[in-house]
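Right, one structure below, let's go through it.
No hydrogens, no waters, no symmetry mates; every other heavy atom, side chains included, goes into these values.
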Amino acid sequence: MNYDVIVVGAGHAGIEASLAAARIGASTLMLTLNLDHIGQMSCNPAIGGIGKGHLVREIDALGGEMGLAIDETGIQFRFLNTRKGPAVRARRAQADKAAYRTRSKRVLEQTPNLQIRQASVERLIVEDGTVRGVESQIGEIFAAPAVVLTTGTFLKGLVHIGLKNYSAGRAGDFAAMGLSPHLAQLGFRIGRLKTGTCPRLDSRTIEYSALEIQPGDHPPPPFSFRTRAITQPQLPCHLTYTNARTHEIIHGGIDRSPMYSGVIQSKGPRYCPSVEDKVMRFQDKTRHQIFLEPEGRDTVEVYPNGLSTSLPLDVQLAMVRSIEGLERAEIMRPGYAIEYDFSDPTQLMPSLETKLVSGLFFAGQINGTTGYEEAGAQGLIAGINAALQCRREPPLILRRDEAYIGVMIDDLVTRGIGGEPYRMFTSRAEYRLLLREDNADRRLSPIGARLGLLDASAVERVRAKTEAVRAEIERLKSAVVQPSDAVNAMLAERGATPISQAVKAIELLKRPELTYQALITIVEGGPSALNLDEAAELETEVKYDGYVRRQAETVERFKRLEDTAIPDWLDFSGVTGLSTEVSERLTRIRPSSLGQAARMPGITPAAISLLAVHIKGRRSSSATV
């Protein structure tokens, strides 16, 4: 049983890695503990959000699957931060959990060059520092020159509910117990992290009439650039809050919390705390938001987003029933915390190949990240690079100025995770005005097409979009808006200064109070045919022209450092002027460029200057010889 690429795991990272490798042309094998749980959403059944939505759009622009999957199976779509700048606007959608899982398995099964098997991988086969394949729990040998590990929370996973705990990769699934110690034997630095999830409620026992309804957007904004429209009907979510009684119950049961009793030592995501953590840390807050999100069309299960907990089941039930609208609610599945092993991501190269073992790639929560979107993005890059390595082609490495995916991977391999699970935020990107959701296709679709992950129609869509935006800008430059009562009423309604003489439409659009959608209602000729992404790109190009140009200039300076490679032969301890501490840090990470070195913690501009002089001097000496 010989393959080009083996992918271990069938979560969001494993799906993208397997599809990418197979679509590029590599003979690919996906191995998973449970064929029925491919694409399982273990936590919140939702895709996207601030920063995360950007990753999904980039996955799609490169030819990945996540955007198409949520468009086909979503039950509520929303556009977030619409009143803020274009850099931080993002899509989010609730998924039909079962439909998402079923679709994911179907797409994998129908993909040429891809075989799926149920097996528990316990050991890697490594010879002379190079991976040769994997061995399963029952002794099956699968051979391949490239292996991608996407193990999620399954490495020595331990589920906690109150002071009770048991081994599991997630509730209902076995943990992988042998692979993590094996990685440690190979020399990988292994750590421990924690995450958690909410109890699931029976919607038939919820009093929805007491709750605030949260509808989706109309029309629903699709994730994929390949989706023409979302046609399936949407379902509403509902909003409620914790209260003083809820907090009292949590305080009363905190001595049986595995986090507060010392049973759990590892760190969880600070930005997504458990409800007991929120209550204990923010005691001045009298309530916390809870979003009740349906898990699908054909199930009564509801996910109470904001109520993640590992308290004992009796405390969970009392806590839930203290909340308005949930007084009679029944818990169908308890919430829990889970601890799991991960590998320090600074042991990876920017291609996501490990430095210790050639041909071995890591993607997803094994790298210390959290979230479906972060996992999917890593899986896509790892799968692409595993396949490219089999073809003896250079890896795909996205820079920080090219994609949020590039920002995330550079953060991981350069800085590590800083002691807690890594999550993508827009604030992590220095060039976020250039890395918007709306222009992900312009940035990345040519790359996807070159790799064979997208067909020629994707490049044509980008060309047509660019032309449509250019033509509309030209129309607005020539269109004149005459002063009138109706025009000035619209301007006043939006807090903009009325006009007393004719003004070019393009000049009005530069006003911060006016959106493109508002402007075209008063422009002669009526609304244009621009879609949501085209309109967003046009508005950004007009309103933020100066900012975009300045960021582009900054990127050019950034590229000069990125383009200065640090040779493999460089011995950092031999660089005159570098302190021992700096030399040791550089030796441990082995940055590939001066730019990457400059972003490492503790590496000063003076150290970068010394490195630059040393590299230039050595190259000059070599050239002279």
Side-chain angles (χ1 to χ4, degrees), residues 1-22 24 26-35 37-38 108 111 113-157 169 173-190 340-343 345 347-349 351-367 375 378-390:
M1 289 183 282
N2 293 287
Y3 301 88
D4 295 325
V5 176
I6 294 174
V7 177
V8 180
H12 303 277
I15 290 169
E16 297 294 349
S18 299
L19 291 175
I24 286 175
S27 170
T28 305
L29 171 68
M30 169 189 270
L31 296 174
T32 177
L33 287 166
N34 190 334
L35 287 173
H37 289 175
I38 289 173
L108 290 164
T111 298
N113 302 319
L114 177 58
Q115 185 178 352
I116 308 170
R117 292 281 299 271
Q118 184 165 296
S120 174
V121 173
E122 292 292 307
R123 192 174 73 88
L124 300 171
I125 300 169
V126 178
E127 297 175 1
D128 300 323
T130 300
V131 74
R132 301 298 184 192
V134 301
E135 181 178 349
S136 78
Q137 189 179 45
I138 60 173
E140 294 174 290
I141 302 294
F142 304 94
V147 173
V148 183
L149 293 188
T150 68
T151 50
T153 60
F154 281 73
L155 292 182
K156 293 179 69 176
D173 281 322
F174 293 111
M177 301 305 293
L179 188 53
S180 182
H182 176 64
L183 291 174
Q185 290 173 5
L186 290 172
F188 288 95
R189 296 188 298 276
I190 303 299
Y340 57 94
D341 283 355
F342 79 103
S343 172
Q347 300 170 105
L348 301 174
M349 294 183 281
S351 63
L352 295 182
E353 184 181 11
T354 68
K355 297 173 182 176
L356 284 175
V357 179
S358 177
L360 178 62
F361 297 78
F362 290 172
Q365 284 176 289
I366 190 173
N367 290 335
Q378 293 172 70
L380 178 66
I381 298 301
I384 288 171
N385 286 332
L388 291 177
Q389 187 177 86
C390 293

Tyr3 meets the side-chain hydrogen bond (donor to acceptor under 3.5 Å, both in side chains) criterion, sequence neighbours left out, with Gln115
Residues at least two apart in sequence or cross-chain that pass side-chain contact (heavy atoms from CB on, under 4.5 Å) with Leu33, listed by chain then number, are Ser120, Phe154
When rounded to the nearest 0.5 angstrom, what distance separates NZ in Lys355 from CG in Leu348?
-> 8.0 Å
Check against side-chain contact (heavy atoms from CB on, under 4.5 Å), Ile190 and Leu155 | CA-CA 10 Å; Ile190 303 299; Leu155 292 182; over 6 Å; no
Which residue pairs pass the side-chain hydrogen bond (donor to acceptor under 3.5 Å, both in side chains) test when at least one of the two sits in residues 378-387, sequence neighbours left out?
-> Asn367-Gln378, Thr369-Gln378
For Ala146 and Phe361, which heavy atoms make the closest approach, and how far apart are they?
-> CB-CE1, 4.5 Å
Can you tell if the side chain of Ile38 reaches within under 4.5 Å of the side chain of Ile116, non-hydrogen atoms only?
-> yes
Over all atoms of both residues, closest heavy-atom pair of Gly187 and Gln347 | O-OE1, 3.9 Å
One should read off an interatomic distance between Met1 CE and Ser27 OG, to the nearest 0.5 angstrom, of 12.5 Å
What residues, two or more places apart in sequence or in another chain, satisfy side-chain hydrogen bond (donor to acceptor under 3.5 Å, both in side chains) together with Ser180?
-> Asp341
Can you name the side-chain contact (heavy atoms from CB on, under 4.5 Å) partners of Ala22, sequence neighbours left out?
-> Thr28, Thr111, Asn113, Leu114
side-chain contact (heavy atoms from CB on, under 4.5 Å) test vs Phe142 passes for just one of Asn2, Leu31, Val8, namely Leu31
Could you pull out all residues at least two apart from Asn34 that satisfy side-chain contact (heavy atoms from CB on, under 4.5 Å)?
-> Asp36, His37, Gln118, Asp173
Among residues two or more places apart or on two chains, list those pairs meeting salt bridge (charged side-chain N to carboxylate O under 4.0 Å, His left out) that have a residue in residues 134-146.
-> Arg117-Glu140, Arg123-Glu135
Which atom of Met30 lies closest to which atom of Ala10, heavy atoms considered = SD-CB, 3.6 Å
Tabulate below the donor-acceptor pairs under 3.5 Å that side-chain atoms of residues 11-21 make, not counting sequence neighbours, or state none.
from  : atom 1 : to    : atom 2 : distance (Å)
Glu16 : OE1    : Glu65 : N      : 3.0
Glu16 : OE2    : Glu65 : N      : 3.2
Glu16 : OE2    : Met66 : N      : 2.8
Ser18 : OG     : Gly14 : O      : 2.8

Once you round to the nearest 0.5 Å, how far does OG of Ser343 lie from CZ of Arg189?
-> 7.5 Å
How long is the gap from CD1 on Ile381 to CG on Leu352, to the nearest 0.5 Å?
-> 7.5 Å
By salt bridge (charged side-chain N to carboxylate O under 4.0 Å, His left out), which residues pair with Asp4, not counting sequence neighbours?
-> none
dist Arg132:CZ -> Ser358:OG (nearest 0.5 Å) comes out at 8.0 Å
Pairs flagged by side-chain hydrogen bond (donor to acceptor under 3.5 Å, both in side chains) wherever residues 143-155 is involved - sequence neighbours left out = none
For Pro181 and Lys156 the tightest heavy-atom approach is CD-CD, 4.2 Å
Rounded to the nearest 0.5 angstrom, the CG-CG distance for Leu360 and Leu186 is 8.0 Å
With sequence neighbours excluded, what pairs up with Thr354 under the side-chain hydrogen bond (donor to acceptor under 3.5 Å, both in side chains) test?
-> none
Do the non-hydrogen side-chain atoms of Gln389 and Pro145 ever get within less than 4.5 Å of each other?
-> no
Sole candidate of Val126, Val357, Leu124 that passes side-chain contact (heavy atoms from CB on, under 4.5 Å) when paired with Val147 | Leu124
Considering residues at least two apart in sequence or located in another chain, which fulfil the ring-ring contact (aromatic ring centres under 6.0 Å, His included) criterion with Phe362?
-> Phe188
